[in-house]
Each structure stands twice: as C-alpha cells, then as structure tokens.
Amino acid sequence: MSKGASITRIRGMNDLLPQDTCVWQRVEAAAREVFLRYAYQEIRTPIMERTELFARGIGETTDIVEKEMYTFDDRDGTSLTLRPEGTAGVARAYIENGLHVSDPRARLWYAGPMFRHENVQAGRFRQFHQIGAEAFGMDHPAVDAEMCAMLLDLFASLGLKNLELQINSLGDAEDRRNYRSVLVSYFSGQENRLCENCQRRLKTNPLRVLDCKVEGCSAIARGAPHTFDHLGEQARAHFEGLRECLDAMGIRENAGEVPVPGTFRINPRIVRGLDYYVRTAFEVTAFTGVGSQNAVAGGGRYDQLIAQLGGHPTPAIGFAIGEDRLVSVLNSEQTMEFPGPDFFVVAFGAAGGAGALRLVSELRSAGFDVDLDHRFGSPKSQFKQANKSGAPFAIILGDGELQSGMAAIKPLMTLEKLQAGGVDTELVSRLLDRSKEQPEPFLATENLDGAGVPLLLDPSGQFSVGRDWLIRFCSRLFAG
RNA sequence: GUGGGUGUAGCUCAGUUGGUUAGAGCACCAGGUUGUGACCCUGGGGGCCGUGGGUUCAAGUCCCAUCACUCACCCCA
C-alpha cells in the first residue's frame, strides 16, 4: 500500500475481474450466436447522446429522465447525457442513417454499458450492462413472437432454468389512457386502504398499483378491472396473433404454479416503465440469484417512437437484457471453470529464457494456447504456476531434455479431468502411469512410447521443435 | 430522496469488564519432503484496526462526527 489515500472506483461502477469476464464472455457469445440465428445484426452507437434524445424518447416525466441521468455540458455548452438505455440511440441511428431507405425492415442488436444515477443495491448499479435487440418496420405479431423466442433460446443455450417469460398487452395509446382512468376510478373508491406508495402511484402511474407487493394492495388489485377487457379491437387482434405465433413455434403457455423453462406466462400485471411502450409488453423474471431486483429482461412494442423522434412512422419492438443480473443468475445456478491454456512450458537451466520462448512460439504458431512463467524460477515454483494455470499438460525443458533431444510432456490432471476436458484419453492413459485411480506424475522421457516432444538441435546448439510431429501429436491429444 | 446493517492482512473473520510488540484460516513467497506441481513440515512478507476528533495514565475496544461499503424502499435491466 502506498502512503497517499488510495483511489477507489466510483460508486455503482464495478470492476469485472478475469474470473468474472469469462462468464460475461460466455453470455455475450451465446447472445451473438442466438441473434445471428434470428438474422439480427449488430449495431454500435455512441455511449453519449444529446440530452434531448432521451428527454423526447424515454419520456420527460419518467424517473430516468427526471432524476437518474448523468447529464453534463460539453465544452460548447451542448447538453450531453450518458445513455441510460439503448433503444433511443439505436432508434436515432436508424433514422439518421436512413436505414429505412434500402429496407424499412431492420433487425438490430447491441450490447454495452448504460448509466443511471440511482442508489445501488443488489442487481442495481450506476453503470450496468444491457444486451438488447430492436426490430423496426414490422407490425406483425410474428415479430413479437420471435423476440420472445429469441429470449427463450438464449436462456436455454445458457442452460438457465430459474427464469420465466411473462407477457402482457398494454393496448394502443388510446386503450392505455382509457384503462388508466378505469383503474383510477376503481382504486379511488378504496384509496385509504392502499399503502402510502400506492396512493401516490394512483396519481403518477396507476398501473403500478397492480404490481404492488404490499399485502393489502395486492388484495385490492386482484379485484381490479382486467387489461384485456379494455383492449381496443386492433390491440386485441395483435395479442391473439402473438399467441398464435408463439404456439406455432411450439412455445406453450404455462398457467401452472411452477415455472417451466421454455414456456411463457400471461401476466396482466406486467407494466413497462418507459412511456413509449404500446401493445405487447414482456418481462423475464428470475427466481434466484438476484436480490429483490428480479427483472432480468424487459421489452415491448414502441410503434410511435420513431415518428416521435422525427422519423417516418415506423412500427418497432425491442427488449433489453440486464447482463449483470443475467450473469448473477447464471453464477447462482452453475459454476464455471476458468479455461486454462493447452500447455504450460516449464523451462529451467540452459533452456530458460530464449530457449523456452522458441518452443512456446512454435506451439503458439501451431495454434495452441500456451503459457509459461517468465521469471524462470525454480522448477517447483514453475510447476506451481503450471498447476494453477489450469493447463492439462506441462511441457518440460531442462538440461536433461536438451541433451536427450526430447522435451517431456507431463499431464497435470487426473485422467477423469482430462476426459472431461475432451482429451483423447486412450493416448493419455498410455502416457499416464499404471494406476488409474491415482494417476501419478510421470516423465514422458522415462516412458517415451513416442510421446516426448522431439527437439532438433541446430548447429549453434539451439533447439527447435519437431513441428510437424508436434501438431500431429497435439491434434490427437485434443481430438474433437 | 428515505430507512436498516457493516467497517481489523489480498479474502473470510477472532480480538475478554479498555491493559505488553493486534491474531487465526485461506491466499502469496522461500526452504524441507516428494516420483520435478498437488498432501505434509518449517520459515517469511503483508495492518494508520475506514477517517477525524473526544474521554482516559492507557482506546481495535467507550463517546461524537464523518466517509465508505452493503441490503431494502421508490423505480427499473
């Protein structure tokens, strides 16, 4: 520790350490793969936009715009804002780049950090990460259904079980207004029995009362008028269409108590917070792994937004996944082993330094992941590093190996672990010592069986690896 | 913006009614043992006890303030 006060990260913005990033990479790779299957293309937009974009797009009176944005003036006085969500920027890019001209349809996905100045708690940060998708130019419910399917596919490909997709229809803008006033008059009759929060919600966002966790409120909410009874003709048809399309894709409704992976539940109490949503709204809820912030993804249709932002009227729908929350659910369900390199080169004596690098670079150019300890300390310390690296094999270069012209290959794991890593175990068991229960260390040089790495000595006394042989050998080791 | 909890080693935590030089486990480094790494043995590095003030002969411990972290409300991903 140095003397001065140490500089810390700023509240709500977290470091993702190497043990974290391997999980994040897995999530992002899965997302990329699934989105590609649905013919979505990646878009990257700036992390900052003019404040006006969010004020107009998200809604002036939402919490996000009113009190959660990181807003500041650029040097010329322009008001800029760190993006609090992804849709507005993508919509802006769609309009600004005239993506509708060549093809009004656009299916896009994005991933990246978002910023909201909120109080932090489990599952809520000031810099958080979303993976989102947007589909422009299509108002058919088939698109809504595909969005849902895409989410379910992603969760399935990650092996997640404790999540549930819930869908609802908010109706068109007019239906929403009507339903809102019906709700207000229903709740107003029993206003004094609602909790303090809900009495306030009644004025600001009455739909939220339906969602209240307080016992008394939810009891009253159960008797409240149903959204579906207040859908207009078109919104109702759209929602029916969505259900048909889901059914056509084999995605079933789950009306039972217990969540079932790969199904959806109709939940009339799903309410989206942002102003622009109409018709389809959906949300993915987690049962484990996140604190009380259990919404892992949310989305819906926003057919008016593009026009509101100055584009041609264009229907659109999208969702955003809270990547931080998704990762935390994933971590609660399964543990991931950090993938190690294929080989760890242990070199000592005359073989340290440049000699080791020669072997390492041969291996790397043959396409293997290789690590070594550049301090070239004692064999013991290098083997400790090798063990920790997670590499299944060590390749050993010492004075003896240089003399014999063969580097040793030594397994660092039990046979079972090697098997689990997809290594050709028939070959390995020949390499390993007799006992299978308790695989012991051994030196390939003692038991060659063609298993050492041949080293070719050049006239200057330097060695190089028998590369063709090595590739053949290694590709057998790592078959499949 | 509002409420609760917690601050002692890199991590998880002990630390008595205030009383020598603040401890353990894990991790890290070195040495020993070993079939060159794992198990075991020995040793080592690493602490402004969150920070500032107060009480006292004496504060990690008691009092006040402050900061940070954390969980929850609101709201959202």
Side-chain angles (χ1 to χ4, degrees), chain A residues 1-6 8-12 14 17 58 61-68 84-87 111 113-132 151 195-198 200-201 204-205 208 211-214 271-274 283-286 290-299 318-329 344 346-349 373 375 377-391 393-394 396-401 408 410-414 417 433 435 438-447:
Chain A
M1 285 282 159
S2 60
K3 294 175 214 151
S6 57
T8 60
R9 64 184 209 270
I10 63 189
R11 182 203 285 277
N14 299 318
L17 304 176
I58 299 172
T61 60
T62 56
D63 277 11
I64 294 178
V65 172
E66 272 185 351
K67 49 189 190 194
E68 294 175 358
E85 54 97 54
T87 301
M114 308 292 165
F115 303 84
R116 292 183 201 171
H117 195 104
E118 297 184 276
N119 270 344
V120 300
Q121 72 184 78
R124 164 179 294 150
F125 317 101
R126 290 185 175 176
Q127 174 175 333
F128 59 103
H129 302 79
Q130 289 189 332
I131 302 175
L151 274 173
C195 72
E196 233 173 83
N197 273 328
C198 283
R200 185 178 44 76
R201 283 172 177 138
T204 57
N205 192 350
R208 280 263 162 235
D211 215 13
C212 185
K213 289 155 199 154
V214 175
V271 180
R272 304 273 70 230
L274 280 40
E283 194 168 297
V284 175
T285 305
V290 281
S292 60
Q293 303 306 315
N294 63 351
V296 165
F319 66 71
I321 299 165
E323 191 175 1
D324 311 72
R325 292 181 186 175
L326 186 64
V327 163
S328 125
V329 172
F344 195 104
V346 170
F348 44 90
D373 184 344
R375 295 168 299 185
S378 66
K380 172 171 176 163
S381 68
Q382 289 191 55
F383 271 104
K384 279 175 103 162
Q385 294 300 320
N387 206 39
K388 235 183 359 181
S389 77
F393 299 99
I396 302 148
L397 276 183
D399 295 332
E401 282 76 16
K410 176 182 175 175
L412 293 168
M413 296 176 170
T414 63
K417 275 207 149 178
D433 217 358
S435 161
Q438 195 190 357
E440 295 284 344
F442 91 99
L443 287 176
T445 41
E446 291 172 3
N447 179 17

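Convention: sequence-line order gives letters A, B, ...; per-chain numbering from 1. This one's a predicted model, so the numbers in the text were calculated from it and none came from an experiment.
- Contact check, A/Arg116 against B/C75: no side-chain N or O comes under 4.0 Å of OP1 or OP2.
- Applying the 4.0 Å criterion to OP1 and OP2 of B/A72, one finds that A/Gln121 has a side-chain N or O inside that range.
- Taking atom P in both B/A22 and B/G47, one finds a spacing of 12 Å when rounded to whole Å.
- When the P atom is used for both B/G7 and B/C11, the distance is 14 Å, rounded to whole Å.
- Comparing the same atom, C1', in B/G46 and in B/G23 gives a spacing of 14 Å after rounding to whole Å.
- Contact detail for A/Ser292 and A/Gln121: the closest heavy-atom pair is OG-NE2, 3.3 Å.
- Comparing A/Glu323 and A/Ala122 against RNA chain B, the residue whose closest nucleotide sits nearer the 5' end is A/Ala122.
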Kindly give the atom pairs (protein nitrogen or oxygen, nucleotide nitrogen or oxygen) under 3.5 Å for nucleotides 32-34 of chain B.
from  : atom 1 : to       : atom 2 : distance (Å)
B/G32 : O6     : A/Lys380 : NZ     : 3.3
B/U33 : O4     : A/Lys380 : NZ     : 3.3

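- Residue contacts shown for A/Glu118 include a base, since a base heavy atom lies under 4.0 Å away.
- For B/C73, one of the phosphate oxygens OP1 or OP2 lies less than 4.0 angstrom from a side-chain nitrogen or oxygen of A/Ser292.
- In terms of heavy atoms, A/Arg325 sits closest to A/Gly123 at NE-O, 2.6 Å.
- Between the side chain of A/Arg126 and the main chain of A/Val120, no donor-acceptor pair closer than 3.5 Å is present.
- One P atom belongs to B/C69, the other to B/C62, and the distance between them is 24 Å to the nearest Å.
- Within the nucleic acid shown, A/Lys67 has no heavy atom closer than 4.0 Å to any nucleic acid atom.
- Here A/Asp373 pairs with A/Arg375 under the side chain to side chain donor-acceptor pair (under 3.5 Å) rule; sequence neighbours left out.
- One can place CD of A/Gln385 at 15 Å from C1' of B/U36, the figure rounded to the nearest angstrom.
- When the C1' atom of B/C28 is taken as reference, atom NZ of A/Lys388 falls 7 Å away, rounded to whole Å.
- Expressed to the nearest 0.5 Å, how far CZ of A/Arg201 lies from SG of A/Cys195 amounts to 5.5 Å.
- Atom pair A/Gln382:CD and B/U36:P shows a separation of 15 Å (rounding to whole Å applied).
- Nucleotides B/G50 and B/A9 have their C1' atoms positioned 14 Å apart, rounded to a whole Å.
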**Message:** Pairs counted only when both distances fall under 3.5 Å, Watson-Crick or G-U: show me the 5' to 3' dot-bracket for RNA chain B, [ ] for pseudoknotted crossings and | for other-strand partners.
**Reply:** (((((((..((((.....[...)))).(((((.......))))).....(((((..]....))))))))))))....
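- With values rounded to the nearest 0.5 angstrom, A/Phe383 atom CZ is found 15.5 Å from A/Lys388 atom NZ.
- Nucleic acid contact for A/Gly123: base, since at least one base atom lies under 4.0 Å from a heavy atom of the residue.
- In this structure, A/Asn197 places its CG atom 16 Å from P of B/A72, rounding to the nearest Å.
- A distance of 11.5 Å separates CD1 of A/Ile58 from CG of A/Asp63, quoted to the nearest 0.5 Å.
- Below the 3.5 angstrom threshold, one finds a donor paired with an acceptor across the side chain of A/Gln293 and the base of B/C75.
- In this structure a side-chain-to-backbone donor-acceptor pair under 3.5 Å is missing from A/Glu283 to A/Gly298.
- In this structure, A/Val284 and A/Ile321 have side chains that are not in contact, with every pair of non-hydrogen atoms separated by 4.5 Å or more.
- The structure places CG of A/Leu412 at 9.5 Å from CZ of A/Phe344, a figure rounded to the nearest 0.5 Å.
- One can place CZ of A/Arg126 at 13 Å from C1' of B/C69, the figure rounded to the nearest angstrom.
- The C1' atoms of B/G32 and B/U70 are separated by 45 Å, rounded to the nearest whole Å.
- The gap from the P atom of B/U66 to that of B/C29 amounts to 44 Å, rounded to the nearest Å.
- As rounded to whole Å, 7 Å separates atom P of B/A77 from atom CD of A/Gln130.
- Within the nucleic acid shown, A/Ala295 comes within 4.0 Å of sugar-phosphate atoms alone, with no base atom in reach, counting heavy atoms only.
- We find that CZ of A/Arg201 is positioned 9 Å from C1' of B/C73, with the value rounded to whole Å.
- A residue-by-residue look at A/Asn294 and A/Thr8 shows that A/Thr8 has its nearest nucleotide of RNA chain B further toward the 5' end.
- Of the possible donor and acceptor atoms, one in the side chain of A/Arg116 sits under 3.5 Å from a partner among the backbone N and O of A/Pro84.
- In this structure, CG on A/Asn119 lies 10.0 Å from CD on A/Glu68, to the nearest 0.5 angstrom.
- To the nearest 0.5 angstrom, A/Glu85 atom CD is 8.5 Å from A/Phe128 atom CZ.
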Name the pairs: protein N/O against N/O of nucleotides 42-44 of chain B, kept only if under 3.5 Å.
none

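- B/C49 and B/U42 are spaced 29 Å apart, taking the C1' atom of each and rounding to whole Å.
- A donor-acceptor pair is defined here as one N or O able to donate and one able to accept, closer than 3.5 Å; no such pair exists between the side chain of A/Arg9 and the backbone of A/Asn14.
- The side chain to side chain donor-acceptor pair (under 3.5 Å) search around A/Asn197 returns A/Arg200, not counting sequence neighbours.
- A/Arg9 comes within 4.0 angstrom of sugar-phosphate atoms only, judged by non-hydrogen atoms across all strands, and of no base.
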Please tabulate the protein-to-nucleotide N/O contacts below 3.5 Å involving nucleotides 2-7 of chain B, giving atom names and distances.
from : atom 1 : to       : atom 2 : distance (Å)
B/U2 : O4     : A/Asn119 : ND2    : 2.9

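- The number of heavy-atom neighbours closer than 6.0 Å to CG of A/Leu17, taken from other residues, nucleotides and ligands shown, is above 12.
- A close approach under 4.0 Å does not occur between any side-chain nitrogen or oxygen of A/Gln127 and OP1 or OP2 of B/A77.
- Atom P of nucleotide B/G1 and atom CD of A/Glu66 are separated by 15 Å, given to the nearest angstrom.
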